[in-house]
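What you are looking at is a predicted structure, and each value in this text was computed from that prediction instead of being measured. Both counts, for ligands and for their atoms, begin at 1 and track the order of listing.
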Amino acid sequence: MQFMDLRSDTVTLPTPAMREAIANAELGDDVYGEDPTINRLEAMAAERVGKESALFVASGTMGNLVSVLTHCGRGEEIIVGGHAHIFLYEAGSVSAVGGIHSRQVPNQPDATLDLAQIEAAIRPENDHFPRTKLICLENTHNRCGGACLTLDYVRQVRALADKYNLKIHLDGARVFNAAVALGVDVRQLTHDVDSLSFCLSKGLSAPVGSLVCGPADFIREARRARKLLGGGMREGGVIAAAGVVALEHMVDRLAEDHVNARRLAEGLADTPGITLDPSQVQTNIVYFDLEDGAPDAAEFCGRIDERGVKMGPTGTHRIRAVTHYGIEADHIEQALAVVAQVMV
Ligand SMILES: Cc1ncc(COP(=O)(O)O)c(C=O)c1O
């Protein structure tokens, strides 16, 4: 039995090719724009997602904050899903750092925001109100079980944004998972948003880093916001080198994580005491609920941990498991055997 950590895809370790690239990376001072490896990564990222320019940042959280700070000023407002990472898990940074107000619209189970509810949340011009500037989407959607927003949906949000002269930012921490799951070029998913951030350090397995991507003038301003947050990168090519390998070699294999997640979901759904609909699992994230009479989430996670399997409690009776590089099909069968043992 091998130890396995299914708490998140952020636990992935760099591949041997990444470690080699890190050791051999050409370096310079990125605050002077002189780190050749970061410059290469930024050019690759922009090309890959079909935007003019890109900026390397420390994390997905920094990528989202830099983007929102670049789109909005103090006292302005973003429209964001009630289950969005930006709203729930980023320490309230858009308000704490940027003085930017956030207006939540409920996420539907498929991760969309209802278009009529977005429209109703857009503020009319009036001295009493903050000015709506930005709509934030998330694809795939973490709290909505890794659900993918479709091209058609994003296009509809674009039409609404254009009607009110608003911008769209995509938290695309796992946008490559969405592209692989939907079988589309990632550019199709990013075409209709003004800016996006995506993470190298999740399913793509790089140790650190995210990219903010958008028009050249937007990225010039975003560099300033990154500096304000203390995110100037200096010889950050040591970590960007792993990001280059991630973009070159780690995108297509995300399909394996999706197959493993689906198998995990099917096995869990067959386990007495667990509620889960495997047909809802589209990518690498599996949420499930422990029924009355079963151990609660903390106890369940403690019991499987003692047997070498980690999953994350996300509520009193709710658990999240995430598949990623390093987790193979036979690990999933072993994890299911452990779950069966602790549920008796
Ligand atoms: C959807 C989403 N956005 C943003 C982030 C933030 O990324 P980081 O942990 O690199 O700050 C995460 C992290 O899990 C995420 O799931």
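- Within the set Thr10, Leu65, Thr61, the minimum heavy-atom distance to atom 11 (O) of ligand 1 is found for Thr61.
- Of all protein heavy atoms, the one closest to atom 3 (N) of ligand 1 is Asp171 OD2, 2.7 Å.
- Looking at Ser59 against ligand 1, both its backbone and its side chain come within 4.0 Å, counting heavy atoms.
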Side chains of residues 104-120: which donor-acceptor partners sit under 3.5 Å, not counting sequence neighbours?
residue: Gln104; atom: NE2; partner: Ser102; partner atom: O; Å: 3.4
residue: Asn107; atom: OD1; partner: Gly82; partner atom: N; Å: 3.4
residue: Asn107; atom: OD1; partner: His83; partner atom: N; Å: 2.9
residue: Asn107; atom: ND2; partner: Ala111; partner atom: O; Å: 3.1
residue: Asn107; atom: ND2; partner: His141; partner atom: NE2; Å: 3.4
residue: Asp110; atom: OD1; partner: Thr112; partner atom: N; Å: 3.0
residue: Asp110; atom: OD1; partner: Thr112; partner atom: OG1; Å: 2.6
residue: Asp114; atom: OD2; partner: Ala116; partner atom: N; Å: 3.2
residue: Asp114; atom: OD2; partner: Gln117; partner atom: N; Å: 3.0
residue: Glu119; atom: OE2; partner: Lys163; partner atom: NZ; Å: 2.8
residue: Glu119; atom: OE2; partner: Tyr164; partner atom: OH; Å: 2.6

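- Proximity annotation for atom 4 (C) of ligand 1: of Lys202, Glu138, His141, His85, His85 comes nearest, heavy atoms only.
- Close contacts between ligand 1 and Arg174 involve ligand atoms 14 (O), 15 (C), 16 (O) [criterion: under 4.0 Å to a heavy atom].
- Close approach of ligand 1 to Glu90 is summarised as follows: ligand atoms under 4.0 Å from at least one heavy atom of the residue are 4 (C).
- Using modelled atom types, one finds no donor on one side chain facing an acceptor on the other under 3.5 Å when comparing Glu256 with Asn260.
- Both Leu196 and Leu211 sit in one connected hydrophobic cluster of ILVMFWY residues. Membership requires side-chain heavy atoms under 4.5 Å apart, directly or through other members.
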TODO: Go through the steps to decide whether Phe218 and His71 satisfy the test ring pair (Phe, Tyr, Trp, His ring centres under 6.0 Å), and finish with yes or no.
DONE: CA-CA 8 Å; Phe218 174 85; His71 283 297; 4.5 Å; yes

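- With Glu77 as reference, Arg123 is the one residue of Arg123, Lys133, Arg131 to meet the salt bridge (charged side-chain N to carboxylate O under 4.0 Å, His left out) rule.
- Under the 4.5 Å side-chain criterion, counting only non-hydrogen atoms from C-beta, Arg303 is not in contact with Gln341.
- At least one N or O atom of Asn142 sits closer than 3.5 Å to an N or O atom of ligand 1.
- In this structure, the protein non-hydrogen atom closest to atom 10 (O) of ligand 1 is Gly60 N, 2.8 Å.
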